[in-house]
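Note: hydrogens, waters and symmetry copies are ignored here, and every other heavy atom, side chains too, is used. Index from 1, following the sequence.
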Amino acid sequence: MPREDDPERAVAVMDRHVYVVHGVARTTEDGAPDPSAELRVHLRNPVGGRETEPRRTDLFLSAEQLRRACISVNVGPRLR
């Protein structure tokens, strides 16, 4: 899926994979805080990787990108 800030680059969304919503904030597509940016959903790949912020596998998607990338979204209780 093309990035919104640079259509020549792609967002690395894995097919048939589960992501966990880590939060919603005004950030760039790289996850840098930006008070003037639109809200983005911070998705985290729950498999592997260190827990530092942000991880290489983290995605910061706009509402439009989220609709394009995900077939479904499940909402449930917070997992511990």
Side-chain angles (χ1 to χ4, degrees):
M1 177 175 57
R3 287 175 58 120
E4 293 175 339
D5 63 355
D6 183 358
E8 297 298 316
R9 295 173 59 201
V11 177
V13 179
M14 296 175 66
D15 290 342
R16 296 179 297 274
H17 191 69
V18 172
Y19 287 92
V20 176
V21 174
H22 193 65
V24 176
R26 294 187 185 281
T27 68
T28 65
E29 283 187 82
D30 293 317
D34 181 352
S36 65
E38 66 180 293
L39 289 172
R40 293 189 176 277
V41 178
H42 177 182
L43 297 180
R44 173 161 282 173
N45 180 344
V47 179
R50 296 178 316 202
E51 291 299 322
T52 59
E53 291 289 333
R55 297 187 317 191
R56 188 175 58 83
T57 56
D58 287 2
L59 303 174
F60 298 87
L61 304 180
S62 67
E64 177 61 31
Q65 288 171 317
L66 186 65
R67 282 191 292 274
R68 290 183 64 202
C70 300
I71 292 172
S72 66
V73 176
N74 296 318
V75 178
R78 182 179 180 146
L79 301 176
R80 297 186 191 262

Where do F60 and T28 come nearest, in terms of heavy atoms and distance?
CB-O, 3.8 Å

Nearest heavy-atom contact between P46 and V18 is CD-O, 3.2 Å

Distance (rounded to the nearest 0.5 Å) between H42 NE2 and L61 CG:
10.0 Å

Within this structure, what is the CG-CE distance for the pair L59 and M1, rounded to the nearest 0.5 Å?
7.5 Å

Give the table of side-chain donor-acceptor pairs shorter than 3.5 Å for residues 5-12, with sequence neighbours excluded, one pair per line with atom names and distance.
from, atom 1, to, atom 2, distance (Å)
D5, OD1, R3, NE, 2.9
D5, OD1, R3, NH2, 3.4
D5, OD2, R3, NH2, 2.8
D6, OD1, E8, N, 3.2

For residues 10-27, the salt bridge (Lys or Arg N to Asp or Glu O under 4.0 Å) pairs (sequence neighbours left out) are none

Quick one: which residue pairs count as a salt bridge (Lys or Arg N to Asp or Glu O under 4.0 Å) with a foot in residues 65-76, not counting sequence neighbours?
E64-R67

Who passes side-chain contact (heavy atoms from CB on, under 4.5 Å) against E38, sequence neighbours left out?
E4, R40, S62

The side-chain contact (heavy atoms from CB on, under 4.5 Å) partners of I71 (sequence neighbours excluded) come to none

Side-chain touch L43/V21, heavy atoms, less than 4.5 angstrom
yes

Verdict with reasoning, Y19 to M14, per side chain to side chain contact (heavy atoms under 4.5 Å, CB included):
CA-CA 9 Å; Y19 287 92; M14 296 175 66; 3.6 Å; yes

